[in-house]
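One structure below.
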There are 2 protein chains.
Amino acid sequence: MTTAVPKVDPAPIASTHDSEPIAGDTDPRVEALVHDLIGRVADKWTMLVLELLEEKGTLRFTQIARLIGSISQKMLTQTLRQMERDGLVIRTVHPVVPPKVEYRLTDLGRSLGSAFCGVWIWAEKNLDAVEDARRAFAKASAGEPAAC
Amino acid sequence: MTTAVPKVDPAPIASTHDSEPIAGDTDPRVEALVHDLIGRVADKWTMLVLELLEEKGTLRFTQIARLIGSISQKMLTQTLRQMERDGLVIRTVHPVVPPKVEYRLTDLGRSLGSAFCGVWIWAEKNLDAVEDARRAFAKASAGEPAAC
DNA sequence: TCCGACACTCTCCTTCTGGTGAGTATAAAT
DNA sequence: ATTTATACTCACCAGAAGGAGAGTGTCGGA
């Protein structure tokens with residue numbers, strides 16, 4: 001955590017040029033990956049597939065499609081490819097007459113699921129808090145539109 | 001025929017292990033919130049702001065803007081509003097001559113940061129694994145374009 | 001007097017995302 | 001001969017996301 005900006009100017013009107021961008025982070029590579037990865041896993045479909053495979057173990061393309069129900073083929077293919085690319089799932093093709101492809105999580109995939117557990121738990125625990133905050137915010141906004 | 005296929009195929013071909021039919025969702029409301037919320041927090045800017053405020057404590061609008069460096073005003077405003085709405089940050093307006101607005105995390109915001117810690121740790125730990133997987137995938141794809 | 005600073009808001013404009021629907025190959029079933 | 005099922009790919013299109021840049025109001029400084 002390199003603190004790139006040691007001086008936090010307290011004056012209301014003062015220094016104009018802090019040419020130091022961004023705050024220090026452990027590693028640019030790590031940061032990039034984390035963003036990338038969270039951006040990807042936070043994806044609705046990836047999350048659903050991850051959960052589904054964690055729960056069921058091994059599934060075929062159309063089984064996943066049917067279980068999720070609302071996903072388009074395009075998105076499912078895209079999602080699975082991405083996950084395969086990142087080493088989260090293993091794709092096994094059986095060269096049988098009607099094509100048969102099975103998907104299952106790798107250890108990496110499972111560990112990611114576990115890591116996200118924390119967020120999941122947070123969400124469940126703070127469900128009400130967030131909803132309360134939203135209601136309060138909505139009411140406050142409606143209550144004082146031009147209160148100044 | 002793509003849509004409107006209510007009839008669920010009883011037994012397509014082989015079944016790896018069909019134990020449970022479908023369902024298996026803790027709560028639709030919880031699930032919805034979790035998606036919603038993860039989708040929001042996974043946002044690049046929200047994550048950066050969350051981290052920044054966790055590290056620095058209290059910051060003003062332009063301070064955040066400068067520290068992040070590449071965010072547009074529009075996005076910063078949008079992000080902060082969203083976070084305020086969700087009860088993650090507190091926005092304090094000082095009615096002074098040049099407007100002064102300070103932002104800091106709520107307990108909820110801080111706890112979310114902690115929850116995301118697990119994912120960060122995962123990412124750091126598995127950085128190499130993911131990159132390896134990507135390289136391997138890229139190589140495999142390039143290596144066998146018409147392998148059948 | 002005019003500019004700059006703050007914390008925004010508003011209007012474009014471009015890119016990206018995700019959905020629809022069609023097409024493909026093959027062999028068993030009808 | 002036609003249909004069905006599987007696991008895709010491809011072309012097209014609508015809507016959303018996000019960036020650029022200008023405008024707003026007031027006041028202190030040059």
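Residue numbering restarts at 1 for every chain, and letters A, B, ... go by the order of the sequence lines.
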Spacing between [X] atom [atom1] and [N] atom [atom2], to the nearest angstrom:
X	N	atom1	atom2	answer
B/L80	C/dA7	CG	P	11 Å
B/K44	C/dT15	NZ	C1'	13 Å
B/H94	C/dC8	NE2	P	12 Å
B/K74	D/dA20	NZ	P	11 Å
B/I68	D/dG19	CD1	C1'	15 Å
A/I64	D/dC8	CD1	C1'	13 Å
B/Q82	D/dG18	CD	C1'	15 Å
B/F61	C/dT9	CZ	C1'	10 Å

Nearest-nucleotide wise, let me know which of A/Q78 and B/Q73 is further upstream toward the 5' end of DNA chain C.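 Of the two residues, B/Q73 wins.
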*Take A/S70 and B/E102, find for each the nucleotide of DNA chain C with the closest heavy atom, and name the residue whose nucleotide sits nearer the 5' end.*
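Whichever sits nearer the 5' end wins; that is B/E102.
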From [options], nucleotide with atom closest to [X] side chain:
X	options	result
B/P98	D/dC27, C/dC6, C/dG19	C/dC6
A/S72	C/dT9, C/dT20, D/dT6	C/dT20
A/V101	C/dC6, D/dC8, D/dG19	D/dC8
B/R81	C/dA7, D/dC8, C/dC8	C/dC8
A/T77	D/dC27, D/dT9, D/dG19	D/dT9

What's A/T62 touching, base or sugar-phosphate or nothing? Going by heavy atoms closer than 4.0 Å.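 Contact class for A/T62: sugar-phosphate only.
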Donor-acceptor contact present, side-chain A/T106 to main-chain A/G109, <3.5 Å
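The answer is yes, because a donor-acceptor pair under 3.5 Å joins these two groups.
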- Does the side chain of A/V49 come within less than 4.5 Å of A/M83's, by heavy atoms?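 SC-SC contact between A/M83 and A/V49 confirmed.
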Notebook entry, point to check: Under 30°, 30 to 60°, or over 60°: which ring-plane class applies to B/F116 and A/F116, parallel, tilted or perpendicular?
Noted result: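 The rings of B/F116 and A/F116 stand perpendicular, inter-plane angle above 60°.
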| Side-chain H-bond candidate by donor/acceptor type, B/E124 with B/W120, under 3.5 Å |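 On atom types as modelled, these side chains do not qualify, holding no pair under 3.5 Å.
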For A/R91 and D/dA7, is the shortest distance between a side-chain N/O and OP1 or OP2 below 4.0 Å?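 No, no such contact exists.
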Margin query: It should be established whether A/R60 places a side-chain nitrogen or oxygen under 4.0 Å from OP1 or OP2 of nucleotide D/dT6.
Written below: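 Answer no for this pair, as no side-chain N or O of A/R60 is under 4.0 Å from OP1 or OP2.
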### Query
Same cluster for B/I64 and B/M75 if Ile/Leu/Val/Met/Phe/Trp/Tyr side chains link at under 4.5 Å?
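Yes: a chain of side-chain contacts under 4.5 Å links B/I64 to B/M75.
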